[in-house]
Protein chains: 2
Amino acid sequence: MTGIRAQQKEKTRRLLIEAAMNQLSAEHGYASLSLREVAREAGIAPTSFYRHFQNMEELGLSLVDEGGLALRQLLRQSRLQIARGGSIIRSSVTTFMAFVANQTPIFRLLLQEKSGNSRAFRLAVQREVDHFTAELVDYLVAEQHYPRELAELQADAIVRIVFGAGADAIDADATERQRLTELTIAQVRMVARGADAIRQLGRPTK
Amino acid sequence: MTGIRAQQKEKTRRLLIEAAMNQLSAEHGYASLSLREVAREAGIAPTSFYRHFQNMEELGLSLVDEGGLALRQLLRQSRLQIARGGSIIRSSVTTFMAFVANQTPIFRLLLQEKSGNSRAFRLAVQREVDHFTAELVDYLVAEQHYPRELAELQADAIVRIVFGAGADAIDADATERQRLTELTIAQVRMVARGADAIRQLGRPTK
DNA sequence: CATTTTAGCTAACACGTGTACGCTCAATGT
DNA sequence: ACATTGAGCGTACACGTGTTAGCTAAAATG
């Protein structure tokens, strides 16, 4: 009942997606992705592409979704590390940087399309980043007992710092990435201290 | 001796640059910029383009330079506001956001090519951002007497936050941009507080 | 004034692109 | 068993692209 036919279709759909991913590189971004080349790498005729996607844009949005999914899986991984002890900041930043290193093409896609030229793409990526931020806010409120507003301010700043560092990490080699990771950890801790100081102001007499 | 000929050449060179700027929009980025369309808008034949630039890439790098120049002019403006009193943070963030609002295509170009697909572009933009950071470090060391290392950490974090906010401001309307500006100011102040707290740790007994 | 330089032109090229049309043939539905 | 569906294919078209080669005329040079 799985449908040997639908099964095959899903398979070549994946072939297309993976072909597109492969063609994403440092020199060759989504914008300059060609239907024909993607189809060629997937091993189907150019026209058969339309059996799976209406547009290249539709393919691209699927890529973003895949990326967002991977990103959220990363977050869960990170939370696992927290559960079994250790600095939340360090483990979060480290796993994030590992994601950038291991899934470079996906991260680059997210990064580029965040300020890219398709509104649909920008919104899709922003949605993923917002997820990211929202979960951080929840953590700060639930576990660290920050007032919501301050938690939002802080989470937003942290996400900006971490994503910015991720962008710089893309081009970096392992050593440089290590340095960036430590730098980022220190910066996030700095933000946390600042948020804490502000919180103390709110209720000066402990 | 100005050279009526060289003068004319410089003029159409500017025409080309401005034509390229005009074609940069939310939907149509540098990557999909066409030599022929640019030439058309500049009012010259496609082939004449090569009298001024060897590549589209060379044109693009000129655009980045123009953008960086404008950004540095903005910084000087901002520093003037500081000289005649007022919060340095507020005036810096405000003028930065004004830049994003008024010179949107240029800022978008910088933002996109920062993580774009041409290494030359990435380096060019990074160079501009580094200028930005370096001047902030100098300020923090000279005026606020932070130790250099802490100043660098702080400046880098601030630049990341501000640029991230700028990226979000691109799509925003005036009201939303105002909100973003206030948010960013608060975040930068938060970072400053954090840096201050860390500095106090370094020399606990005042 | 004679010569050289050069910004801009027209014509032409080879190429890659997205997409429409109609065919095949194996998996599905009845 | 038969009819229908649909994934994939080959052909073909119109179009925009970057780039070369060679001409023209005006400015620069001496």
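Side chains included, hydrogens not; waters and symmetry mates left out as well; all remaining heavy atoms used.
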Exercise. Would you say B:Asn55's side chain and B:Glu58's backbone share a donor-acceptor pair under 3.5 angstrom?
Worked result: no
Which of C:dG18, D:dG8, C:dC9 is nearest the side chain of A:Tyr50? It is C:dG18
Testing C:dT17, D:dC9, C:dT28 for proximity to the side chain of A:Ile4, the answer is C:dT28
Whole-Å distance, B:Leu59 CG to D:dG18 P, equals 12 Å
Tightest non-hydrogen contact, residues B:Phe49 and B:Leu16, listed as CD1-CD2, 4.0 Å
State whether a side-chain donor-acceptor pair under 3.5 Å links B:Asn22 with B:Glu18.
no
With a 3.5 Å cut-off and just heavy-atom distances, do the side chain of B:Arg5 and the base of C:dT6 make a donor-acceptor pair? yes
note: B:Gln54, atom CD; C:dA7, atom P; distance rounded to Å ~ 14 Å
Rounded to whole Å, the CG-C1' distance (B:Leu15 to C:dA7) equals 13 Å
With no angle test and no hydrogens, is the base of D:dG16 tied to the side chain of B:Arg36 by a donor-acceptor pair under 3.5 Å? no
Atom CD1 of A:Ile44 and atom C1' of D:dG10 are separated, to the nearest Å, by 14 Å
A:Gln7 CD to C:dT28 C1', in whole Å, measures 14 Å
- [ ] Scan side-chain atoms only and decide if B:Ser87 and B:Arg189 contain a donor-acceptor pair under the 3.5 Å cut-off.
- [x] yes
Between CG of B:Leu35 and P of C:dG8 the distance, given in whole Å, is 14 Å
Task: Phosphate OP1/OP2 of D:dG8: any A:Thr12 side-chain N/O under 4.0 Å - done: yes
Rounded to whole Å, the NZ-C1' distance (B:Lys9 to C:dC9) equals 16 Å
Ranking C:dC23, D:dT17, C:dC9 by distance to the side chain of B:Arg51, first place goes to C:dC9
Has B:Ser48 got a side-chain N or O lying under 4.0 Å from the OP1 or OP2 atom of C:dC9? yes
To the nearest angstrom, the CG-P distance between B:Asn55 and D:dT17 comes to 17 Å
### Task
Using a heavy-atom cut-off of under 4.0 Å over every strand shown, decide if A:Thr47 touches base, sugar-phosphate, or nothing.
base
Count the heavy atoms belonging to other residues, nucleotides or ligands that lie under 6.0 Å from CD of B:Glu149, then report whether that count exceeds 12.
no
